[in-house]
Amino acid sequence: MLLSASYPLVSIITVNFNQTNVTREFLASLKSITYPAFEVIVVDNGSKDSSIADLQIEFPSINLMFTHQNLGFAGGNNVAIRAAKGDYILLINNDTEVTPGFLEPLVRTFQQKPDAGLVSPKIIYFNRDERIQYVGSVRAHPVLGRGKRIGYLEIDKGQYDEVRETDYGHGACLMASRAVIDAIGGLPEIYFLYYEEHDWTVQAKTAGFKVYFVGTSKIYHKESISVGNNSPLKTYYHSRNRILYMRRNAKGRSFVLALLFFIFLATPKKLGTYILKRDYQNLSAHVKGILWNIRN
């Protein structure tokens with residue numbers, strides 16, 4: 001049960017890019033949710049596929065917005081954040097499907113924990129035997145630049161059905177309070193794709209908010225439909241933004257050690273793997289991601 005008889009408005013925001021059918025499946029899953037007070041904003045991020053307009057006919061209650069150019073994950077979401085009317089803002093990937101009662105535990109967590117700024121539900125891989133993708137995470141090591149995913153690929157048997165503080169929320173489904181957005185603004189658009197939610201989490205914590213994992217809420221994620229599992233685009237932004245994240249959030253000695261580790265250990269290992277596999281597209285993408293940071 002929620003703490004009050006009233007239901008705060010939740011703005012559900014998703015971004016579409018040339019994936020009308022995927023977005024349609026997501027919107028269809030929203031029809032089953034039991035939370036009564038929500039609006040849905042779909043941002044089309046410069047798609048070349050004009051069929052996205054059909055969704056307004058199929059789902060007349062949605063607010064369909066057009067950027068007319070690809071603003072990236074952060075930019076597309078920020079367009080909707082500025083238009084959202086909700087007390088809480090839910091950023092959720094269009095390649096997800098939700099369960100009927102997923103919203104109530106998220107809202108209840110904000111009501112029960114006044115220090116909450118960001119919350120994420122349990123995320124399960126879609127059609128993969130209830131394999132866990134996210135049940136909370138441990139922050140990135142200041143030198144290695146990588147965090148730890150709790151429970152990753154375990155079968156969900158309810159062992160993480162709890163609410164607890166965590167270091168990072170998950171970008172596939174992340175709810176923010178209006179208070180945290182007023183304090184720190186929207187997602188940092190410099191990332192374009194990947195790592196922006198980690199940076200946003202750091203900003204929220206710096207502003208005095210906490211991040212919670214809500215295991216009593218569950219969604220399903222169709223991982224990497226948008227860019228592919230071995231995509232040069234994904235490789236480029238992971239390479240580029242890993243360094244960018246360190247530049248923006250690591251300080252002093254930690255930053256120097258992290259940069260040395262990345263240059264002399266992580267990068268040679270990654271490049272060697274691409275060379276052995278003769279994967280020259282991803283090799284090139286990785287190098288371009290590094291060079292972006294040198295030029296900027």
Side-chain angles (χ1 to χ4, degrees), residues 11-20 22-23 25-27 40-49 52 62-84 89-98 117-121 123 126 133-134 137 140 147 168-176 180-181 184-204 211 219-245 247-249 285 288-289 292-293 296:
S11 296
I12 300 174
I13 295 171
T14 197
V15 176
N16 176 81
F17 181 66
N18 294 325
Q19 295 178 328
T20 298
V22 175
T23 302
E25 291 168 356
F26 164 71
L27 294 174
V40 180
I41 304 175
V42 178
V43 179
D44 184 69
N45 218 5
S47 294
K48 296 179 181 179
D49 177 8
I52 186 67
I62 69 172
N63 179 3
L64 182 58
M65 304 179 70
F66 295 88
T67 64
H68 304 293
Q69 59 179 312
N70 189 352
L71 301 179
F73 177 81
N77 275 294
N78 284 345
V79 167
I81 287 173
R82 290 189 286 269
I89 311 298
L90 180 71
L91 309 181
I92 183 167
N93 278 19
N94 67 326
D95 61 349
T96 61
E97 293 191 17
V98 305
L118 301 168
V119 303
S120 279
I123 302 176
F126 186 81
Q133 180 179 18
Y134 171 86
S137 60
Y168 293 122
H170 198 289
C173 188
L174 187 62
M175 183 183 278
V180 81
I181 290 173
I184 67 174
L187 291 161
E189 296 185 18
I190 191 172
Y191 288 95
F192 193 79
L193 188 66
Y194 301 119
Y195 275 86
E196 55 275 285
E197 76 272 20
H198 296 322
D199 197 298
W200 210 35
T201 297
V202 173
Q203 292 181 46
V211 183
I219 69 162
Y220 290 89
H221 188 201
K222 306 164 186 176
E223 170 72 12
S224 291
I225 281 181
S226 56
V227 297
N229 283 313
N230 194 35
S231 160
L233 179 68
K234 185 174 183 178
T235 297
Y236 169 75
Y237 280 109
H238 267 288
S239 171
R240 169 192 187 269
N241 292 347
R242 183 179 175 187
I243 302 173
L244 178 60
Y245 177 81
R247 289 170 61 191
R248 285 169 56 91
N249 296 290
K288 287 178 180 177
W292 182 94
N293 283 277
N296 294 272

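- Residues I89 and A84 share a closest heavy-atom pair of CD1-CB, 3.6 Å.
- Considering T23, L27, I12 in turn, L27 is the only one that fulfils the side-chain contact (heavy atoms from CB on, under 4.5 Å) rule with I62.
- For S11, the side chain to side chain donor-acceptor pair (under 3.5 Å) partners are E39, not counting sequence neighbours.
- Across all their heavy atoms, M175 and L90 have their closest contact at CB-CD1, 3.7 Å.
- A heavy-atom distance below 4.5 Å is found between the side chains of F26 and V98.
- With sequence neighbours left out, the side chain to side chain donor-acceptor pair (under 3.5 Å) criterion links D199 to Y191, Q203, R248, N249.
- Interatomic distance, E97 CD to K222 NZ, rounded to the nearest 0.5 Å: 3.5 Å.
- Note: L118 CG to H170 NE2 = 14.0 Å, rounded to the nearest 0.5 Å.
- Separating the NZ atom in K234 from the CG atom in L193 is a distance of 9.5 Å, to the nearest 0.5 Å.
- Considering all non-hydrogen atoms of both residues, W200 and P188 come closest at CD1-CD, 4.1 Å.
- Between atom OG1 of residue T14 and atom CG of residue N77 there is a gap of 7.5 Å, rounded to the nearest 0.5 Å.
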> What do the steps show when you test F192 against N70 for side chain to side chain contact (heavy atoms under 4.5 Å, CB included), and what is the final call?
Replying inline: CA-CA 9 Å; F192 193 79; N70 189 352; 3.7 Å; yes
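- S120 and Y134 get closest at one heavy-atom pair: CB-CE2, 3.6 Å.
- Nearest heavy atom pair, residue A80 against residue V43, reads CB-CG2, 3.5 Å.
- The closest side-chain heavy-atom distance from N78 to L71 is not below 4.5 Å.
- Between L233 and Y237 there is a side-chain heavy-atom pair separated by less than 4.5 Å.
- Here the shortest heavy-atom pairing between N296 and R247 reads O-NH2, 2.6 Å.
- Contacts of T67 classified as side chain to side chain donor-acceptor pair (under 3.5 Å), with partners at least two apart in sequence or in another chain: N45.
- For the pair Y245 and V202, the minimum side-chain heavy-atom distance is below 4.5 Å.
- Note that the CD1 atom of I219 and the CG atom of N93 stand 7.5 Å from one another [nearest 0.5 Å].
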>> Using side chain to side chain contact (heavy atoms under 4.5 Å, CB included), reason through L244 and W292 one step at a time and then give a plain yes or no.
In response: CA-CA 9 Å; L244 178 60; W292 182 94; 4.2 Å; yes
>> Between L91 and I81, is the side chain to side chain contact (heavy atoms under 4.5 Å, CB included) condition met? List the steps.
In response: CA-CA 9 Å; L91 309 181; I81 287 173; 4.1 Å; yes
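- With no hydrogens or angles considered, no side-chain donor-acceptor pair links D95 and Q19 at under 3.5 Å.
- Atom SG of C173 sits about 12.0 Å away from atom CD of E197, to the nearest 0.5 Å.
- Here the side chain of E196 pairs a donor or acceptor atom with the backbone of Y194 at under 3.5 angstrom.
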